[in-house]
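Residue numbers start from 1 in every chain, and the chains themselves are labelled A, B, ... in the order their sequence lines are given, proteins ahead of strands. Source: prediction; values computed, not measured.
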Amino acid sequence: TQLLEQSPQFLSIQEGENLTVYCNSSSVFSSLQWYRQEPGEGPVLLVTVVTGGEVKKLKRLTFQFGDARKDSSLHITAAQPGDTGLYLCAGAGTNFGNEKLTFGTGTRLTIIP
Amino acid sequence: ETGVTQTPRHLVMGMTNKKSLKCEQHLGHNAMYWYKQSAKKPLELMFVYNFKEQTENNSVPSRFSPECPNSSHLFLHLHTLQPEDSALYLCASSQTGGPLYEQYFGPGTRLTVT
């Protein structure tokens, strides 16, 4: 069974601060995705990383896929209240044609104005 | 309408009721999914449909019955539910055949079983 552990589980910081959220597993994934979910809504896809060591930037958000494709991190620079939400990582298995994602436990982020 | 839509957004039902959740995707995808999201638990995959065929049933109790009449529509029929079934039920869709597995979610149906 593939498991994805996210840390921290909860994070509350002041506007303007930087933060990093981690997503770790003992399993290898063919790709990994990050989603943000706001209260009362479904998760929204932020980014997909595919190659080990890959770094992708989305404005103030930087996503990194581990070299061994077992872990990932999300770094937010100068956090804004609009960044508040539940951040979920999700990994795709290495068997193509198996269309399942394994979702992480989630990090609930609150940015205090 | 664009993306993935779900109706109703909120549902309160008694344990003896029968109700259905509806999902529609306007993205031209060929795979659709039902997930259950409870407090303090990771997102739980319930069912997967690929080209209208069910390819995954993740040990879901028979009181949940999915139906996929075509690649754009997905239903979840509910009957004799339990209070512990109260949760946010999310529908998602994706385009299969590649390695990315990017899934697009609807807004969810908040279900309360009384």
Side-chain angles (χ1 to χ4, degrees), chain A residues 1-10 23-25 27-52 54 56 58 63 65 69 72 85-108, chain B residues 2-10 21 23-25 27 29-51 53-59 71 87-111:
Chain A
T1 303
Q2 297 174 315
L3 293 174
L4 276 168
E5 294 286 337
Q6 289 186 241
S7 61
Q9 188 177 354
F10 298 95
C23 173
N24 294 297
S25 176
S27 302
V28 176
F29 295 99
S30 62
S31 65
L32 194 137
Q33 298 162 20
W34 283 92
Y35 294 81
R36 179 171 62 219
Q37 184 178 17
E38 298 186 13
E41 299 296 329
V44 175
L45 179 66
L46 296 174
V47 76
T48 299
V49 286
V50 179
T51 307
E54 181 177 3
K56 278 192 175 178
L58 186 67
F63 305 86
F65 202 11
R69 292 187 288 134
S72 181
L86 177 66
Y87 287 81
L88 297 165
C89 63
T94 53
N95 296 324
F96 290 163
N98 179 5
E99 308 296 342
K100 289 198 303 181
L101 289 177
T102 299
F103 277 85
T105 47
T107 293
R108 192 164 297 279
Chain B
T2 57
V4 181
T5 58
Q6 289 187 245
T7 55
R9 293 293 308 273
H10 301 272
L21 310 185
C23 174
E24 185 173 359
Q25 60 96 0
L27 300 169
H29 291 162
N30 47 36
M32 297 188 77
Y33 311 76
W34 279 116
Y35 287 89
K36 176 183 178 182
Q37 187 175 37
S38 308
K40 301 180 182 178
K41 280 189 177 181
L43 214 55
E44 299 174 70
L45 178 66
M46 300 174 72
F47 302 103
V48 180
Y49 277 82
N50 206 336
F51 290 99
E53 298 298 320
Q54 187 181 125
T55 56
E56 184 86 17
N57 177 338
N58 206 19
S59 302
S71 293
L88 182 67
Y89 287 85
L90 291 161
C91 172
S93 70
S94 72
Q95 189 64 31
T96 58
L100 298 184
Y101 304 118
E102 294 174 345
Q103 294 187 9
Y104 294 83
F105 285 83
T109 295
R110 173 68 63 186
L111 174 67

Query raised in the report: Highest number of heavy-atom pairs under 4.5 Å with chain A: which of B:R9, B:K41, B:R110?
Result: B:R9
Query raised in the report: Going by the angle between their ring planes, with limits at 30° and 60°, are B:F105 and A:Y35 parallel, tilted or perpendicular?
Result: perpendicular
Query raised in the report: By a 4.5 Å heavy-atom criterion (distance strictly below it), what part of A:E38 contacts chain B: side chain, backbone, both, or neither?
Result: neither
**Report entry** Contacting moiety of B:Q6, where chain A heavy atoms sit under 4.5 Å
**Finding:** neither
Query - Under the side-chain contact (heavy atoms from CB on, under 4.5 Å) test, residues paired with B:P42 that sit two or more places apart - result: A:T105
Report task. Please name all residues satisfying ring-ring contact (aromatic ring centres under 6.0 Å, His included) with B:Y49, sequence neighbours left out, ordered by chain then number. Result -> none
Query raised in the report: Angle class for the A:F103/B:Y35 ring planes (parallel below 30°, perpendicular above 60°, tilted otherwise)?
Result: perpendicular
